[in-house]
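No hydrogens, no waters, no symmetry mates; every other heavy atom, side chains included, goes into these values. Each chain gets a letter, A, B and so on, in the order its sequence line appears, and its residues count up from 1.
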There are 2 protein chains.
Amino acid sequence: MMPISDRLIYNKRVFTRSARASDKDGIERKETVMAGQKNKVTIFDVAKASGVSSSAVSYALNNKPGVSEATRAKVLKVAKGLGWRPNGAAQALARANTSRIGVVLAQEARLLSAEPYMMELLAGLGAELEQHDYSMLLRFAIGRDNEVVILKDWIATGNVDALLLVNLEMDDPRVALLNEYPEMPALALCDPSLSGGLPVMRSLDMQAVTKAVSYLHDLGHERIGRVGGPESFGHSYIRDAAFSDAAAELGVRYRCLHADYTPKGGIEATKRLLSVNPRPTAIIYDNDVMAMAGMGIAREMGFDIPGDLSIMAWDDSFMCTAVFPHLTVMGRDIVGSGHRAAQLLLKLVDGEQVGVADEYPYELRERASTGPAPASVEQR
Amino acid sequence: MMPISDRLIYNKRVFTRSARASDKDGIERKETVMAGQKNKVTIFDVAKASGVSSSAVSYALNNKPGVSEATRAKVLKVAKGLGWRPNGAAQALARANTSRIGVVLAQEARLLSAEPYMMELLAGLGAELEQHDYSMLLRFAIGRDNEVVILKDWIATGNVDALLLVNLEMDDPRVALLNEYPEMPALALCDPSLSGGLPVMRSLDMQAVTKAVSYLHDLGHERIGRVGGPESFGHSYIRDAAFSDAAAELGVRYRCLHADYTPKGGIEATKRLLSVNPRPTAIIYDNDVMAMAGMGIAREMGFDIPGDLSIMAWDDSFMCTAVFPHLTVMGRDIVGSGHRAAQLLLKLVDGEQVGVADEYPYELRERASTGPAPASVEQR
DNA sequence: TTGTAAGCGTTATCAC
DNA sequence: GTGATAACGCTTACAA
């Protein structure tokens, strides 16, 4: 008899707990201290201090029914007094959710820093998640394969509640992966044609392209060049197609080269675009780094901007108004889109359907780098 | 008697588990599915499949002694076959560590995107953490107070194993907070004089300042201006003091204005610096955005760069070679410093001492925006 | 070497 | 409304 009842008692939290706190000493205590948290105020401490059970405390602290207002108030007060905060791991384990959204970045560091898009997006995303007590779990992948490995790991370990997929490529392996695990909510930032049915927030590139081309067309430009990002990137491809269409529609000649977002890439592509005869009178770049580099080299070659050549960039950043002439851009509220992405992700976590949502639309921000097409076009 | 023995059996994991898997149906199952993970392969499943106990499995999977090589091999194989991965929350709860490093960013989104420093640092940090199966938990704070709230929360909830503190200000409240909780490892990125004894990785600004000033001095510049970042930022202050000293040492006139890292700020400060008589013949900017804006406005004012005025920037980015003339900068391996920060943080997590470590040193990257001081100086 | 079960700090179910 | 306790999935002390 004794061993059984002993065990039963030992099984009770309160006893176990107080036993650990006072009886044992040495190794275990040391470990606990090493582990990190000093302030191990648990729900049991709160329960004891407020003279109720741990479940009552849990209900009270989570604003759930099941306790009287009187006890709720008391528990809340005691918890605050003790400085209690729920242990994240325990909560995650019990609730089977983590309050974390996962993002994997697979681009090279210097590229990431050169592109304002990602940082602004993350800032918006983070700020919105913040409002809902969610965090962002961030990983930097080394290559595409690694990216899939990380996602698989997150899915299997349950380390995040949902995933944000960025920079999708055509036939992206991540789409296949997420379709294998429909229970893991994921939002893809890409054109719906690339997402394989996954919930999507799409950027309104088509509209923007039409707007940009007709803006230049209205200025008299009849030959437009473009320096796009890497061809493997979904949005490069989408924009390219849209440009072809819009140009054809307006009877504008259009030529596109792809580069790697770097100054060097922008310079090379610009030189090549300007070496054909007749040359384009306007060039649109997929990012501001290439636009600036392109504008710079064009000036070095003797072109006046925008007298001889108009320059436009895609996506705005401080850089666009730090250079002279200031760059005309197709800009959009990227931070806002980050907020929206967060809202969509939280919806997905709640089991709601999302389907296809839109990013904030692009708007033309006309500045000094664009102007009427030159009357005549001579080469340099 | 019956109830007691019943309970005892129910307490056993294996029984509980199999009961849940087959007996019950409906609500509970549904909840489990809702929660997220489909592939709930647990350590018990692996144990059952390989015919050993759960502890043997745990030892095997964690490469710990306590199992024979034979069983270890078998367990590993079975686990792999079943696609088992440890549940993050459970592991965190049991081990009292999370395999996560926390970073709070408190800057405005547009500023973050304008400064390559942060993204490169995070990229390096993330890549190194990656090697050690650590993740980065990222939060975006809205204001300084919020930042402290988040840190407090992380400390109390045990959501991270260590903290990286960036952009420290003078008398930063975070330093006081972390000194209250010495059990939470934290690394500050700042000058040791600002860290209040916290482990530090410092940037070698002093050296760099000396190098920059003597470089310009060697070119014949005797009046140097500087456009620094916000005065509240620790590194602005540190650099300012260093500049004063280095300039005094070499008998160079030095004048510093502080701006907010934006193009507008850079333009205003540049105008003011150039409006005094005699004007400086070289200006050093704390970031590339302001440097570019400053260079641009100076050219608009009729100054030739570098003929009349030399321009230097602090920290390198793609932008510095995207603009013409390319910007001379004091650059450093920021990604590398991120890696180093991660290593230091992991040391701290392991209970090792760190003290004061160094970032990668700055190097002068001489490009086209600097040159000999002009013979005579007239105003525009 | 192996298995048993306590323990991590929550949540949620179930009697009372 | 309240308290007891099973459950979450893992690690690890201890018994066998």
Side-chain angles (χ1 to χ4, degrees), chain A residues 7-17 19-20 24 27-28 31-32 35-37 40-47 51-62 64-72 75 84-98 157-158, chain B residues 3 6-17 19-20 24 27-28 31-32 35-37 40-47 50-62 64-72 75 84-98 156-158:
Chain A
R7 249 195 220 161
L8 268 178
I9 289 172
Y10 193 53
N11 258 342
K12 289 196 186 180
R13 283 305 164 120
V14 186
F15 285 77
T16 318
R17 202 153 277 289
R20 203 169 61 81
K24 305 185 187 178
I27 299 157
E28 212 188 328
E31 277 192 353
T32 309
Q37 290 153 268
K40 284 218 179 187
V41 182
T42 75
I43 207 171
F44 288 92
D45 299 324
V46 178
V52 295
S53 75
S54 69
S55 50
V57 173
S58 178
Y59 288 135
L61 293 166
N62 289 310
K64 293 203 173 175
V67 280
S68 67
E69 275 314 309
T71 41
R72 183 189 304 277
V75 166
W84 174 89
R85 297 258 44 211
N87 175 286
Q91 210 165 42
L93 183 57
R95 288 184 178 166
N97 84 354
T98 60
T157 58
Chain B
D6 248 328
R7 251 193 218 162
L8 268 178
I9 289 172
Y10 194 54
N11 258 342
K12 288 197 187 182
R13 281 302 162 123
V14 186
F15 284 76
T16 319
R17 201 155 277 291
R20 203 169 59 82
K24 305 184 187 179
I27 299 158
E28 212 188 327
E31 275 191 355
T32 308
Q37 291 154 267
K40 283 217 181 190
V41 183
T42 74
I43 207 172
F44 288 91
D45 299 322
V46 177
S50 38
V52 296
S53 76
S54 67
S55 55
V57 173
S58 177
Y59 289 135
L61 293 166
N62 289 309
K64 293 204 174 175
V67 278
S68 66
E69 276 314 308
T71 40
R72 184 190 302 278
V75 167
W84 175 88
R85 298 258 44 212
N87 176 285
Q91 212 166 41
L93 183 57
R95 289 184 177 166
N97 83 352
T98 59
T157 60

Item to check | Partner residues of A:A90 under the side-chain contact (heavy atoms from CB on, under 4.5 Å) criterion, sequence neighbours left out | outcome: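 By the side-chain contact (heavy atoms from CB on, under 4.5 Å) rule, A:A90 matches A:N87, B:L93.
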
Closest to the [X] side chain: [options]?
X: A:Q91; options: D:dC10, C:dG3, C:dT10; result: C:dT10
X: B:A94; options: C:dT4, C:dT11, D:dT11; result: D:dT11
X: A:L93; options: C:dG3, C:dT10, C:dG9; result: C:dG9
X: A:I43; options: D:dG3, C:dT10, D:dT12; result: C:dT10
X: B:S53; options: C:dG9, D:dG9, C:dT4; result: C:dT4
X: A:S55; options: D:dA4, D:dG9, C:dT10; result: D:dA4
X: B:F44; options: C:dT11, C:dG3, D:dC10; result: D:dC10
X: A:A56; options: D:dG3, D:dC10, C:dT11; result: D:dG3
X: B:S54; options: C:dT4, D:dG9, C:dC8; result: C:dT4

Item to check | For DNA chain D, the residues among residues 64-72 of chain B that have a non-hydrogen atom under 4.0 Å from it | outcome: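 Nucleic-acid contacts, sorted: B:K64.
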
Checklist entry - At under 4.0 Å between heavy atoms, what does B:G51 touch on the DNA or RNA strands: base, sugar-phosphate, or nothing? => result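 Result for B:G51 = sugar-phosphate.
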
Item to check | Those residues that, when tested against A:S55, pass side-chain hydrogen bond (donor to acceptor under 3.5 Å, both in side chains) (two or more places apart) | outcome: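 If we apply the side-chain hydrogen bond (donor to acceptor under 3.5 Å, both in side chains) test to A:S55, skipping adjacent residues, the hits are A:S53.
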
Checklist entry - Any side-chain N or O of A:N62 less than 4.0 Å from the OP1 or OP2 oxygen of C:dT11? => result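 Yes, such a contact exists.
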
